[in-house]
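Every chain is numbered from 1 and lettered A, B, ... according to where its sequence line falls, protein lines coming before strand lines.
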Amino acid sequence: MLTITFKDGNNREYEEGISLYQIAQDLSKKLASNAVVALFNDVLTDMNAVITTDGKVEFFTIDDPIALEVYRHTTSHIMAQAVKRLWPETLVAIGPAIDKGFYYDFDSSHTFTPDDFKLIEEEMQKIIKADYPIVRKEYSREEALTYFKNLGEHYKTELIEGLDENAVISLYEQEDFVDLCAGPHLPSTGRVKAYKLMSLAGAYWRGNENNQMLQRIYATSYPKKSALDDYINKLEEAKKRDHRKLGRELGLFVLLEEGPGFPFFLPKGMVIRNELERYWREEHRKAGYDEIRTPIILNQQLWEQSGHWDHYQENMYFTEIDEGSYAVKPMNCPGGMLVYKQNAHSYREFPMRVGEIGLVHRHEKSGVLHGLMRVRAFTQDDAHIFMLPDQVITEIKAVIDLIDIFYRKFGFRYSVELSTKPEKSMGSEEMWNKATDSLAQALNEKGMEYQINPGDGAFYGPKIDYHLKDSLDRTWQCGTIQLDFQMPEKFDLNYIGEDGNKHRPVMIHRVIYGSIERFIGILTEHFAGAFPTWLAPVQAKIIPVSEHYHDYAKTIYEKLFNENIRCELDNRNEKLGYKIRDGQMQKIPYLLIVGAKEEENNSIAVRHRKLGELGSMTGEEFISRISIEIRDRVLTNE
RNA sequence: GCCGAUGUGGCUCAGUGGCAGAGCAGCUGAUUCGUAAUCAGCAGGUCGGCGGUUCAAAUCCGCCCAUCGGCUCCA
C-alpha cells in the first residue's frame with residue numbers, strides 16, 4: 001500500500017502503482033467536487049485538483065489561486081494563438097496570469113482596437129472547440145534559441161538568453177502554436193469554458209520605459225460562465241462606488257480642465273476634510289505632537305540644500321520673485337528643518353514631534369492623474385519626529401500604533417511594505433542598511449506582516465508604506481513612515497546631549513492619511529459615499545410631509561442646528577416619497593419626517609439610511625442619539 | 001511622458017455630411033401629499049479648442065487640451 005499525505009492533513013492509502021489520474025478520480029468522488037484539474041510533474045491531467053511535489057499530494061479546487069492561475073495561463077496561450085492566426089506577423093512577448101485574469105503583450109503592425117475583441121474571441125472559441133492537446137517539450141538552451149530565432153520571435157530569444165546556462169527550457173505546444181513557458185498548463189485547450197477580453201493598454205517591454213512599447217490585451221477567464229458573469233457584475237457595482245462619480249453626485253469636489261490635477265473642494269467635501277483634520281488634531285495632541293505651518297514657496301538655495309534640487313527637480317514647480325529663484329514645495333520637510341533650527345535643542349526635549357498639515361505641489365506626468373487618488377496639489381498630514389538614536393525603535397512603534405488607531409477608525413484593512421534604497425538616492429550604504437534594519441526591527445517587534453518593496457524608498461531614506469484598496473482593488477499608498485539620516489545631516493541639525501556636546505538627531509517623517517485628498521477618495525469608495533455620521537456632510541434632513549408642517553419642521557431644524565448637527569430642511573414643494581428618495585441617494589444618515597402626527601405630539605419620525613424606519617421620538621431623544629454617535633465617531637450602526 | 005479609447009445643456013446619454021435632441025436636475029404654475037420619482041408648461045448647448053476639406057461639418061482630416069483604461073512613476 002501507498003500512503004499519501006494530503007494538504008488537509010489526512011493520510012489516504014492507495015494500491016501501489018495507482019495512477020495519479022485514478023487518485024484524482026477517487027478524490028473527485030470523495031470531495032464531491034466539481035473542480036477538475038490535476039497537476040502532476042507540471043502536466044495537468046484531467047481530474048480533481050491534485051498537485052504533487054516531492055511525493056506529497058495536495059489538492060486544490062479550481063477556485064484555489066494556483067489552479068485558477070494555471071487555467072488563466074492556458075487561456076492566455078489560447079488568446080495568443082488566436083491573435084497569431086489572425087495577424088500572423090505578430091510577435092509574442094509575455095502573457096502571465098494576474099490577479100483578476102491575464103494579459104498577453106504583443107508586438108504587431110496591426111493596431112488592436114476593441115472592435116477586434118469579438119474577432120479574437122471567436123478565433124479562441126475555434127481553438128477551444130478543436131480541443132488541441134497541450135504538450136510539454138523540453139529543449140536545451142541552444143535548441144530553444146534556434147527554434148525561436150527561426151521563427152523571428154526575438155522577445156522569446158531575449159527571455160531565453162536571460163535564463164540560466166544549464167536550465168532545461170520547456171515549451172508548450174498546442175497545434176501550430178508553441179510558446180516558451182515554465183508551465184504548467186491544462187491538458188488541452190477544450191477545458192477553457194468562460195473567457196472575455198477586457199481592455200487594451202500599452203506596456204513597455206520588460207516594464208522599462210526606454211524599451212519598445214507593446215500592445216497589451218487584458219482578459220479574464222473563469223471555469224464557469226456564471227463566475228465570469230459574477231465578475232462582470234462586480235465590476236459594474238464597483239463603478240458605482242467610484243469616488244469620481246460619487247464626488248460629483250454628492251457634491252464633494254470637482255476636477256476641472258482649468259486645473260488638471262488640482263482639485264476644487266465643494267462645501268460638502270470641505271466638511272469631510274475639516275472633520276478628518278479635527279480628528280487628526282485630537283489624536284495628535286494626545287500622542288504628544290505640536291503643530292506648525294511652513295510656507296508653500298521657498299527659495300532655490302533651500303531646495304539645493306535639502307537635495308530636492310538634485311533629486312526631485314522634474315517634479316517641482318518653480319517661480320521667480322524679485323529676480324530670485326523660488327520653488328513651490330513638493331514636501332514639507334525642508335520647512336520643518338528650518339523651524340527646528342530656530343532654537344538650540346536639548347536631548348531633554350526628545351522625542352520632539354512636530355506635525356504639519358501641509359499643502360504640497362508635485363508636477364506629475366499628465367498620464368498618471370487619477371481623480372483624487374493622484375493629483376498635483378495635495379495635503380500631507382506630515383510630522384517630523386526628532387530623537388536620540390536609541391529612541392528610534394520605540395518611536396517607530398508608536399507611529400505604527402497611531403496609524404493603526406486611525407485606520408481602524410475607518411474599518412480599513414491595510415497591507416504594509418518595507419521599501420528599500422532606490423537607484424537615485426543620497427547617503428552611504430551603511431546608513432541605508434542601518435535605517436532599513438531599524439524599520440524592519442520595529443515591524444518585527446510589532447509582529448506586523450509586511451512585504452519588501454525593493455528600490456521603492458524615498459531618495460533620503462527607506463520607508464514603511466501602508467497601502468489601502470479602492471473599489472476596484474487597486475492599491476494606493478497612504479500612510480508612510482520614513483527614517484531619515486540625511487536631512488539632519490544636510491541641514492546640520494544638532495542637539496546638546498547629556499555630555500554637554502553637540503550631536504546629530506535622528507529623524508522620522510511620517511504621514512497617516514498620506515494625502516488628505518487621496519484618503520478622501522479611498523474613504524468615499526470604502527463607504528460607497530455613505531460616510532459614517534461624524535463625517536457625513538449632511539447628518540440629518542428634515543422633511544415636512546407637506547407645506548402645512550413647514551413651521552414645525554423649522555423648529556426642529558433650529559433645535560438641531562443649535563446642537564451643531566449638520567442638517568438641512570427640505571421644504572421643496574415635492575411629495576414625501578420624492579424627498580426620501582433624494583435623501584437616500586444623497587446617502588444622508590438620518591431623514592426626519594414631520595407631519596400632522598408629529599406636530600401633534602411634538603415628535604419626529606426617524607428614518608435611517610440603512611436601518612429604515614426607527615419610529616417616532618422627540619427632538620431631544622434624537623439629538624441625544626445622534627450626538628453620541630458623532631462624539632464617539634461611531635463607524636457603523638448598521 | 002508613452003499606448004489605446006472618449007469628449008454633444010448642470011448630470012446621464014441619443015444623433016455618422018443637410019434645421020442640435022431626450023430623460024433627470026433647474027425655473028414657473030397647479031397639487032398639500034405619510035417613507036425611493038405628482039402633473040403641466042418654460043428655459044437652457046459656439047456639439048472640448050484651433051485649423052482644414054466641403055455648397056454644407058457635432059459628423060470627415062490634422063494639431064492641441066482634458067478625461068477614461070493601462071504602462072512608467074508616485075502620497
message: If you define the side chain from C-beta out and look only at heavy atoms, does anything of Val606(A) sit under 4.5 Å from Ile593(A)?
response: no
field: Pair Arg241(A) + Glu237(A): basic N to acidic O under 4.0 Å
entry: no
- request: Taking only Lys NZ, Arg NE, NH1 and NH2, and the carboxylate oxygens of Asp or Glu, determine whether Lys196(A) and Glu121(A) approach each other closer than 4.0 Å.
  value: no
query: Do you know which two heavy atoms are closest between Leu569(A) and Ala553(A), and how far apart they sit?
result: CD1-CB, 3.5 Å
task: Quickly work out the Glu209(A) CD to rG70(B) P distance and round it to whole Å.
output: 19 Å
message: Nearest to the side chain of Gln482(A), heavy atoms from C-beta on, is which of rA5(B), rG1(B), rA75(B)?
response: rA75(B)
task: Might you work through the ring-ring contact (aromatic ring centres under 6.0 Å, His included) test for Phe410(A) and Phe519(A), ending with a clear yes or no?
output: CA-CA 11 Å; Phe410(A) 303 101; Phe519(A) 202 79; 5.2 Å; yes
query: Looking only at atom P, what distance separates rG23(B) and rA43(B), rounded to whole Å?
result: 14 Å
- line: Closest to the side chain of Ser546(A), out of rC71(B), rC33(B), rG34(B), is rC33(B)
- line: Of the candidates rG26(B), rG34(B), rC33(B), the side chain of Ile593(A) sits closest to rG34(B)
query: Does His608(A) put a side-chain nitrogen or oxygen below 4.0 Å from OP1 or OP2 of rU35(B)?
result: no
- request: Could you check how far CD of Gln212(A) sits from P of rC2(B), rounded to whole Å?
  value: 15 Å
task: Look at atom NZ of Lys554(A) and say whether more than 12 heavy atoms of other residues, nucleotides or ligands are closer to it than 6.0 Å.
output: no
message: What is the distance, to the nearest angstrom, from the CG atom on Asn210(A) to the C1' atom on rC2(B)?
response: 11 Å
statement: With B for base contact, S for sugar-phosphate-only contact and - for none (protein heavy atoms under 4.0 Å), nucleotides 7-12 of chain B reads ----SS
Candidates rU38(B), rU35(B), rC71(B) - which lies nearest the side chain of Ala605(A): rU35(B)
message: Of the listed nucleotides (rU35(B), rU67(B), rC71(B)), which one gets closest to any side-chain atom of Pro260(A)?
response: rU67(B)
- line: Of the candidates rG26(B), rG1(B), rA36(B), the side chain of Tyr204(A) sits closest to rG1(B)
message: Just to be sure I understand the rule, does Arg216(A) reach a base, reach only the sugar-phosphate, or reach nothing, if contact means heavy atoms closer than 4.0 Å?
response: sugar-phosphate
statement: Residues at least two apart in sequence or cross-chain that pass salt bridge (Lys or Arg N to Asp or Glu O under 4.0 Å) with Asp99(A), listed by chain then number, are none
Euclidean distance, atom NE2 of residue His308(A) to atom C1' of rA75(B) [Å, nearest integer]: 13 Å
message: Let's test your reading of the model: under 3.5 Å, does the base of rG34(B) pair with the side chain of Tyr549(A) as donor and acceptor?
response: no
- request: Using the aromatic ring of Phe378(A) (for Trp, its six-membered ring), decide whether it stacks on the base of rA75(B) within the limits of 5.5 Å and 30°.
  value: yes
task: Measure from the side chain of Ala201(A), starting at C-beta and using heavy atoms only, and say which of rG69(B), rA5(B), rA36(B) lies closest.
output: rG69(B)
query: If you check every side-chain atom of Leu369(A), which of rU67(B), rA75(B), rG34(B) has the closest atom?
result: rU67(B)
message: Can you list, in residue-number order, the parts of residues 354-366 of chain A that come under 4.0 Å of RNA chain B, counting heavy atoms only?
response: Arg362(A), Glu364(A), Lys365(A), Ser366(A)
message: Can you identify which nucleotide, out of rU32(B), rC73(B), rG26(B), has its nearest atom closest to the Tyr578(A) side chain?
response: rG26(B)
Whole-Å distance separating the CE atom of Met331(A) from the P atom of rA75(B): 7 Å
- prompt: What is the ring orientation for Tyr312(A) with Phe459(A), classed by angle as parallel under 30°, tilted 30 to 60°, or perpendicular over 60°?
  reply: tilted
query: Do any N or O atoms from the side chain of Tyr317(A) and from the backbone of Pro330(A) form a donor-acceptor pair under 3.5 angstrom?
result: no
message: Side chain of His370(A), heavy atoms from C-beta onward: which of rU38(B), rA36(B), rG69(B) has the nearest atom to it?
response: rG69(B)
message: With a cut-off of less than 4.0 Å, is there a side-chain N or O of Arg244(A) near OP1 or OP2 of rC68(B)?
response: yes
- request: To the nearest 0.5 Å, tell me how far Glu517(A) CD sits from Arg376(A) CZ.
  value: 15.0 Å
